[in-house]
Protein chains: 2
Amino acid sequence: MSPDPPHVPAASRPHTGRRRNPAVRQAVLDRAADLLARSEGIAVSIDAIAQAAGVSKHTIYRWWPSKGAVLLEAVVERAQEEVTIPDTGALATDLETFLADTFRAVEREGALLRGLMAEALRETTAAQGMREFVAARRNELRALLMRGQERGELPAETDLELTMDQIYGLMWYRLLIAQSPLTAGVAAELTRAITRPA
Amino acid sequence: MSPDPPHVPAASRPHTGRRRNPAVRQAVLDRAADLLARSEGIAVSIDAIAQAAGVSKHTIYRWWPSKGAVLLEAVVERAQEEVTIPDTGALATDLETFLADTFRAVEREGALLRGLMAEALRETTAAQGMREFVAARRNELRALLMRGQERGELPAETDLELTMDQIYGLMWYRLLIAQSPLTAGVAAELTRAITRPA
DNA sequence: CCATTGTCGGAACTGTCAGTTTCGTCAAAT
DNA sequence: ATTTGACGAAACTGACAGTTCCGACAATGG
């Protein structure tokens with residue numbers, strides 16, 4: 001997930017030469033996310049990111065293998081502190097809160113996620129990274145659902161993987177295809193549909 | 001959906017000059033679909049389609065406004081006769097059959113749909129066309145679900161739009177992101193989840 | 001038969017963009 | 001002071017979408 005420096009100093013010789021400027025990394029990621037979020041539809045070029053960040057293209061390609069990798073890391077960094085995993089003891093409450101938080105974050109960073117998806121569809125490294133990112137998010141949701149299932153709030157025979165596909169599927173579908181909103185109301189309704197008492 | 005001829009003959013003067021060669025249209029669409037289905041991951045270029053179809057690029061751009069439009073029409077044409085809408089009188093049976101058929105078609109033309117999605121994410125006309133295509137598919141499913149709802153096989157308060165988002169969402173999610181299979185078993189399980197007795 | 005209208009292939013062209021390379025500069029560590 | 005490596009500037013390559021120009025050819029109307 002983090003950038004892959006091509007010149008890794010050997011363990012024996014700790015370091016020589018000028019050190020990497022951390023401000024560069026941050027500037028690139030921040031401006032990449034900004035540009036992506038702003039320029040709805042139009043693709044964001046590496047040149048544009050470089051110029052906006054006040055950084056040379058060379059430097060970007062020193063630390064990231066491709067444009068997709070930059071976008072991916074920008075998304076991951078933004079998404080990191082967006083959603084907390086609730087644990088109130090009631091599945092319906094936990095799920096609705098989680099979904100509402102997630103949807104809000106997705107609505108805010110929608111253009112960014114669309115741009116990332118576009119990249120993932122034409123570049124293997126971005127696709128791989130995105131699958132890892134998505135898997136991490138799934139793990140959070142799975143834990144939440146399993147707690148509910150263990151408490152008997154969800155039938156034991158419910159296939160959680162399928163349920164998660166329905167949830168995240170709906171989210172991406174609305175984001176990418178239908179372009180319909182992901183409101184708190186949708187979170188509530190979806191929660192009702194999933195936890196519908198048997 | 002159909003190509004938009006830039007030189008529409010006026011109604012008063014029926015036609016003059018050489019007529020359009022229908023074989024060209026078919027060759028372009030067929031080879032576009034083939035290339036798209038085959039070249040998993042790598043984008044298909046207009047030059048490649050033109051060469052494979054034995055047609056000049058000029059001719060393609062005479063009849064289609066953009067690459068996305070070509071891909072879209074190729075997909076639509078392939079999808080036209082793939083799925084029939086069952087009406088057996090039992091929602092569970094109808095839905096499972098419909099989903100199994102749909103999933104089989106999607107599995108077969110997965111690369112094609114991914115290519116189309118990539119195009120739709122960076123081009124407005126392709127995105128617009130895809131939304132229309134998707135809406136048409138939704139209408140079929142909606143009719144199927146409504147019949148079941150009227151028979152009381154689905155609670156009256158079930159939001160069909162949300163249900164369809166869950167179904168098509170799962171499909172696209174697996175196709176685009178998870179890259180997990182869409183088997184007949186998934187169709188059965190999803191049907192159970194949707195028609196779960198209250 | 002012949003002028004007109006429009007289709008088609010070939011090929012050159014423009015513009016954009018990802019990714020590479022070269023060069024010169026500057027900072028940190030020995 | 002010398003080495004190692006980070007950085008900017010800028011030129012470059014190659015791919016590709018979309019455009020334009022040309023010349024050939026086919027259908028139609030007179």
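Note on naming: letters A, B, ... go to the chains in the order of the sequence lines (proteins, then strands), and numbering restarts at 1 for each one. Side chains are part of it too, since the values below use all heavy atoms of this structure and drop only hydrogens, waters and symmetry mates.
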[X], nearest nucleotide to its side chain (from [options]):
X	options	answer
B:Val55	C:dG9, D:dC7, C:dT7	C:dG9
B:Asp47	D:dG8, D:dC7, D:dA17	D:dA17
A:Arg62	D:dA17, C:dT7, D:dA6	D:dA6

*Distance test, side-chain N/O of B:Thr59 to OP1/OP2 of C:dG9, below 4.0 Å*: yes
*Could you tell me whether the phosphate oxygens of C:dT7, OP1 or OP2, come under 4.0 Å of any side-chain nitrogen or oxygen in B:Trp63?*
no
*When you check every protein heavy atom under 4.0 Å of nucleotides 19-26 of chain D, what one-letter string (B, S, -) results, 5' to 3'?*
BBB---BB
Partners passing salt bridge (Lys or Arg N to Asp or Glu O under 4.0 Å) against [X] (at least two apart in sequence or in another chain):
X	answer
A:Glu96	none
A:Asp34	A:Arg31, A:Arg78
A:Asp87	A:Arg147
B:Arg108	B:Glu82

*Contact list for residues 166-181 of chain A, test salt bridge (Lys or Arg N to Asp or Glu O under 4.0 Å), sequence neighbours left out*: A:Arg174-B:Asp165
*Over how many whole Å does the gap from B:Ile49 atom CD1 to D:dA17 atom C1' extend?*
12 Å
*Could you pull out all residues at least two apart from B:Ala127 that satisfy side-chain contact (heavy atoms from CB on, under 4.5 Å)?*
B:Ala120, B:Arg131
*So what does A:Val44 hit on the nucleic acid, given a heavy-atom distance under 4.0 Å: a base, only sugar-phosphate, or nothing?*
sugar-phosphate
*Under-4.0 Å salt bridge between B:Arg25 and B:Glu77*: yes
Throw together a table of side-chain donor-acceptor distances under 3.5 angstrom for residues 179-189 of chain A, partners on residues two or more places apart or in other chains.
| residue | atom | partner | partner atom | Å |
| --- | --- | --- | --- | --- |
| A:Thr183 | OG1 | A:Gly185 | N | 3.3 |
| A:Thr183 | OG1 | A:Val186 | N | 3.2 |

_At a heavy-atom distance below 4.0 Å, what parts of residues 26-36 of chain A sit against DNA chain D?_
none
